[in-house]
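Read through the structure below, which is laid out as structure tokens, and then see the notes.
Worth knowing before you read on, the calculation uses all heavy atoms, side chains too, and leaves out hydrogens, waters and symmetry mates.
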Amino acid sequence: MLCFMEPDYVSINLDKRVDENGNYKCELNNITHEGHAHAMTEEEHFFYHATEMSVSVPVDYTAAVLMQCAAIPRDRTSVHVNLGILEMDGLAMRLNIPDIDECIEEISNCSADAVCNNTKGSYNCICKPGYSGNGQTCKGPSLYTCKEIFESQSSNENRAYTLRVDNVEVHVYCHMTDDLMNCGGGGWTLVMKINGTKPTFQYNSHLWSDKNAFNLVGGMAGFDLQETKLPTYWNTSFSKICLGMRIGSQINFFAINRQANSLYSLIADGQYRNTSSGRTTWKSLIGSQASLQHNCNKEGFNAMCSSQSASKARIGFLANNQAKCNTCDSRIGFGTGGYPDDTNTCGNQATLTTDNGDKHIKAMGYILVQ
């Protein structure tokens with residue numbers, strides 16, 4: 001806008017966003033940036049223009065810049081747009097500003113549990129079936145697992161949902177699509193994410209035996225590099241566990257059929273509980289680089305060999321070069337520790353007469369239940 005007719009207004013700040021009533025905010029200034037550089041701040045959504053300078057104006061805002069603000073009262077700072085017409089105190093001028101689809105651009109304030117509908121110059125949010133609210137905030141029924149959400153057919157998106165866990169509402173990542181290899185679909189609830197390069201979930205960490213959450217924010221995202229331990233560790237029952245490991249950009253998964261009141265109930269007491277997935281299945285988490293020794297072949301929860309310093313895993317597979325499970329030197333698992341590298345807390349560690357050479361592979365691990 002050029003404020004030719006009113007000497008007090010020599011520059012403007014135009015907010016390019018439209019509020020819920022279809023209004024643009026126009027701030028009228030009685031100074032320009034010249035001599036007041038200290039007062040200039042960058043604002044992503046604002047367009048600044050001064051009458052005493054030559055500027056290149058974005059073509060989308062040409063009409064707005066050419067409008068004269070003749071004798072507009074100082075408190076008249078709202079501009080109403082109606083079907084592309086800019087109206088201000090009886091003045092009108094057609095805008096050449098194309099409609100922005102806030103829904104496609106993902107810049108709306110709609111809840112993740114709402115549907116965004118684009119309108120001319122604005123948008124609206126409508127809560128999805130089964131949810132209630134104003135669209136920006138939508139509340140659904142109290143659900144306890146991702147499987148319940150999946151079966152209610154309220155959503156099938158892979159994202160964080162609000163679950164009621166341990167009598168508290170918690171944002172938990174749910175994987176809904178059937179693309180986790182032989183884990184299948186049906187709604188998987190995230191429990192833990194472990195970075196094998198960090199000591200957070202080393203075998204002896206208290207996080208395996210207590211009911212304290214770790215980095216709840218990390219539990220809202222999917223298969224990234226953030227570690228987390230959610231209340232679903234001690235409060236979510238299941239009949240299947242989905243285990244995944246990420247090495248570089250490759251992620252492999254497999255499922256264990258096991259019924260339990262929680263993962264905590266299988267691990268916290270330190271008692272060994274066997275599984276029967278087999279060494280080939282465990283090696284599939286690592287891929288072609290996986291390596292294990294040939295003997296012992298002990299797998300399950302709280303897997304340990306007789307020597308306290310040997311390889312061990314809270315969930316995993318151990319092997320030895322000797323027939324006995326005493327000084328195991330290789331492992332694949334989650335929450336690992338012991339010889340030959342106590343700092344490798346998730347992944348594959350192998351040495352001494354292995355089937356694919358010595359390995360020192362630290363992976364990002366994912367544990368989900370259903």
Item checked: Residues that, via side-chain heavy atoms closer than 4.5 angstrom, fall in one hydrophobic cluster with Met304 -> Tyr203
Notebook entry, point to check: Would you say Cys328 and Cys296 have SG atoms less than 2.5 angstrom apart?
Noted result: no
Check: Just by distance, do the side chain of Arg159 and the backbone of Ala112 share a donor-acceptor pair under 3.5 Å?
Finding: yes
Next item on the list: Find the distance between CG (Leu180) and CG (Asn252) and round it off to the nearest 0.5 Å.
Entry: 11.5 Å
Notebook entry, point to check: Cluster question for you: counting only ILVMFWY and a side-chain heavy-atom cut-off of under 4.5 Å, with indirect links fine, are Leu368 and Val191 together?
Noted result: no
Next item on the list: Return the minimal non-hydrogen interatomic distance between Phe253 and Asn182, and the atom names on each side.
Entry: O-OD1, 3.7 Å
Next item on the list: Quick one: do Cys305 and Ser307 satisfy side-chain contact (heavy atoms from CB on, under 4.5 Å)? Show the steps, please.
Entry: CA-CA 6 Å; Cys305 290; Ser307 172; 5.6 Å; no
Next item on the list: Tell me, with the steps shown, if Tyr339 and Thr327 meet side-chain contact (heavy atoms from CB on, under 4.5 Å).
Entry: CA-CA 9 Å; Tyr339 184 83; Thr327 57; over 6 Å; no
Item checked: Heavy-atom pair of closest approach, residues Met220 and Ala160 -> O-CB, 3.4 Å
Check: Ignoring hydrogens and geometry, is there a side-chain-to-backbone donor-acceptor pair from Ser237 to Asn261 under 3.5 Å?
Finding: no
Notebook entry, point to check: On the ring face of Tyr272, is Lys298 found with NZ or CZ under 6.0 Å from the centre and within 45° of the axis?
Noted result: yes
Next item on the list: Could you pull out the closest heavy-atom pair between Asn348 and Gln289, with the gap in Å?
Entry: OD1-O, 4.2 Å
Notebook entry, point to check: Between Thr232 and Leu190, is a side-chain contact (heavy atoms from CB on, under 4.5 Å) present by the stated rule, with each step listed?
Noted result: CA-CA 7 Å; Thr232 50; Leu190 181 65; 5.9 Å; no
Check: Looking at Ile361, Ile194, Ile286, which one forms a side chain to side chain contact (heavy atoms under 4.5 Å, CB included) with Met245?
Finding: Ile286
Check: Is the gap between the SG atoms of Cys183 and Cys242 under 2.5 Å?
Finding: yes
Margin query: Which residue is it: Thr197, Asn195, Thr343? I am looking for the one with a side-chain hydrogen bond (donor to acceptor under 3.5 Å, both in side chains) to Lys362.
Written below: Thr343
Next item on the list: Please determine if Asp341 and Lys359 form a salt bridge, counting it only when a charged side-chain N lies under 4.0 Å from a carboxylate O.
Entry: no
Checklist line | Taking every non-hydrogen atom, the tightest pair across Glu169 and Lys139 | finding: OE2-NZ, 2.7 Å
Check: Testing Trp188, Phe223, Phe334, Phe254 for ring-ring contact (aromatic ring centres under 6.0 Å, His included) with Tyr366, which one passes?
Finding: Phe223
Check: What is the minimum heavy-atom distance between Gln202 and Gly337, and which atoms define it?
Finding: NE2-CA, 3.8 Å
Item checked: Asp355/Lys283 ion pair, N-O < 4.0 Å -> yes
Checklist line | Contact summary for Asn302 and Gln271, nearest pair of heavy atoms | finding: ND2-O, 2.8 Å
Next item on the list: Mind telling me whether Phe201 and Phe214 have parallel, tilted or perpendicular rings, with 30° and 60° as the class edges?
Entry: perpendicular
